[in-house]
Q: 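Below is one structure. I have some questions about it.
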Amino acid sequence: GSNPVPSVAAVPLVRLRAGDHLTALARPGTLGGGASGKYIRRKAGKEEIAVVHPLLEPMLKETFGVVHYQEQVMRIVREIGRFSWEDTTTIRKAMSGRKGEEYFNQQGEKFIKGAASVGIESRAARDIWKEIVTFGAWGMNSSHTCSYAIISWWCAWLKAYHPLEYAAACLRNAKDDDAAYNILRDMANEGINYVPIDADLSDVNWSVQNGV
């Protein structure tokens with residue numbers, strides 16, 4: 001057709017990264033510690049970009065000084081807390097398994113001690129720990145959010161250029177009747193017409209026939 005589906009390479013990197021960050025904002029780890037609000041204010045230029053300690057700058061530069069991803073947490077505990085790879089893996093599993101802040105906090109004193117070995121005083125170390133401990137409730141990893149951003153871009157493109165086909169695909173994959181009804185209501189609100197049953201054209205599932 002005149003609007004072929006874009007490849008991953010065709011998706012502008014800046015838009016992918018914006019989608020990547022956006023996906024990670026609405027997760028317990030970023031929401032629980034207030035990182036989501038900080039990110040939004042800083043991106044909008046309403047708050048100064050700052051970090052607790054200069055060692056965090058290269059780790060958090062891309063996210064406006066805010067802890068956003070599992071990979072950042074792992075780098076922080078490894079490079080600042082001086083965690084072994086085994087202990088870093090424990091942290092990763094705690095984030096992935098949603099084991100909670102209490103479980104995560106079992107590693108807190110070890111982090112403070114490790115941070116002291118690289119010249120970070122206890123108060124600053126505790127402030128850093130406070131920024132990452134909420135990830136025990138779960139935070140996104142960057143690779144997943146990047147994948148989600150690509151899928152979101154594709155879905156937005158399909159909905160913009162092939163709304164009927166996109167709607168039919170959503171209806172075919174609706175998890176239950178309520179989900180299907182919601183999709184049909186959205187279609188009606190957006191001016192997308194459909195025929196529930198056609199004696200001549202209907203198939204066993206939702207489809208686009210003759211452009212309708």
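We count residues from 1, following the sequence as given.
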Q: Answer yes when Glu165 and Lys159 have at least one side-chain N-carboxylate O distance shorter than 4.0 Å, and no when they do not.
A: no

Q: Compare all side-chain heavy atoms of Leu55 with those of Glu79 and state whether any distance is below 4.5 angstrom.
A: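 Side-chain contact under 4.5 Å: no.
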
Q: Taking atom types as modelled, find out whether Thr88 and Arg92 have a side-chain donor-acceptor pair closer than 3.5 angstrom.
A: no

Q: Hey, what do you get for NE2 (His68) to CE (Met140), rounding to the nearest 0.5 Å?
A: 10.0 Å

Q: How close do Ile76 and Ile132 get, heavy atom to heavy atom, and via which atoms?
A: CD1-CG2, 4.0 Å

Q: Which atoms form the tightest heavy-atom contact between Val208 and Ala168, and what is the distance?
A: CG2-CB, 4.1 Å

Q: Give, for atom CH2 of Trp85 and atom CZ of Arg78, the distance between the pair rounded to the nearest 0.5 Å.
A: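 Between Trp85 CH2 and Arg78 CZ, I get 5.0 Å after rounding to 0.5 Å.
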
Q: Report the C-alpha separation of Glu109 and Arg126 in whole Å, then their side-chain angles, then the decisive distance to 0.1 Å, and conclude whether the salt bridge (Lys or Arg N to Asp or Glu O under 4.0 Å) test is met.
A: CA-CA 9 Å; Glu109 290 306 315; Arg126 291 184 187 281; 3.2 Å; yes

Q: Which heavy atom in Gly65 sits nearest to a heavy atom in Ile49, and how many Å separate them?
A: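 Answer, listing the atom of Gly65 first, then Ile49: N-CG2, 4.1 Å.
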
Q: Does Tyr103 belong to the same Ile/Leu/Val/Met/Phe/Trp/Tyr cluster as Phe111, with side-chain heavy atoms less than 4.5 Å apart forming each link?
A: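 No.
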
Q: Any side-chain to backbone donor/acceptor pair from Thr30 onto Leu25? Under 3.5 Å, distance only.
A: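 Yes; at least one donor-acceptor contact below 3.5 Å.
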
Q: Taking the side chain as everything from C-beta on, heavy atoms only, tell me whether Val66 gets closer than 4.5 Å to Leu60.
A: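 Heavy-atom side-chain distance check fails, nothing below 4.5 Å.
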
Q: What residue among Gln72, Lys43, Lys38 forms side chain to side chain donor-acceptor pair (under 3.5 Å) with Thr63?
A: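 When Gln72, Lys43, Lys38 are each tested with Thr63, the side chain to side chain donor-acceptor pair (under 3.5 Å) holds only for Gln72.
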
Q: Kindly work out whether a path of hydrophobic side-chain contacts (I/L/V/M/F/W/Y, heavy atoms less than 4.5 Å apart) joins Ile112 to Val52.
A: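 Yes, one cluster joins them.
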
Q: Taking atom OG of Ser142 and atom NE2 of His144, what is their separation to the nearest 0.5 Å?
A: 10.5 Å

Q: For the pair Gln107 and Thr90, evaluate side chain to side chain donor-acceptor pair (under 3.5 Å) and give the outcome as yes or no after the intermediate values.
A: CA-CA 9 Å; Gln107 305 294 326; Thr90 297; 5.5 Å; no

Q: Work out which heavy atom in Pro58 is nearest to a heavy atom in Pro54; give both atom names and the distance.
A: CD-O, 3.7 Å

Q: Which value, rounded to the nearest 0.5 Å, describes the distance between Gln70 atom CD and Lys93 atom NZ?
A: 13.0 Å

Q: Which atoms form the tightest heavy-atom contact between Leu171 and Ala180, and what is the distance?
A: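 Taking every non-hydrogen atom into account, CD2-O, 3.7 Å.
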
Q: Any link between Phe135 and Ile128 through a network of hydrophobic side chains (Ile, Leu, Val, Met, Phe, Trp, Tyr) touching at under 4.5 Å?
A: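 Looking at the clustering, Ile128 is in the same group as Phe135.
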
Q: Do Arg172's NZ or CZ and the ring of Trp206 fall within the cation-pi criteria of under 6.0 Å and 45°?
A: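 Checked: cation-pi criterion not met.
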
Q: So, do Phe104 and Met95 sit near enough that their side-chain heavy atoms are less than 4.5 Å apart?
A: yes

Q: Where do Trp129 and Ile91 come nearest, in terms of heavy atoms and distance?
A: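 It is CH2-CD1, 4.4 Å.
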
Q: Hydrogens and angles aside, do Ser84 and Glu86 bring a side-chain donor and acceptor to less than 3.5 Å of each other?
A: no

Q: CD1 of Ile80 to CE of Met59: how many Å apart, nearest 0.5 Å?
A: 4.0 Å

Q: Count the heavy atoms of every other residue, nucleotide or ligand shown that sit under 6.0 Å from CD of Glu190, and state whether that count exceeds 12.
A: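 Correct, the count exceeds 12.
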
Q: Can you tell me how far apart CD (Glu47) and CD1 (Ile40) are? Round to the nearest 0.5 Å.
A: 11.0 Å

Q: Is there a path of hydrophobic side-chain contacts, each under 4.5 Å between heavy atoms, that joins Leu56 and Val133?
A: yes

Q: Considering only heavy atoms from C-beta outward, does the side chain of Trp157 approach that of His162 to under 4.5 Å?
A: yes

Q: Is a side-chain donor or acceptor of Arg27 paired with a backbone partner of Tyr69 at a separation under 3.5 angstrom?
A: no

Q: Is there a path of hydrophobic side-chain contacts, each under 4.5 Å between heavy atoms of I/L/V/M/F/W/Y residues, joining Leu164 to Leu184?
A: yes

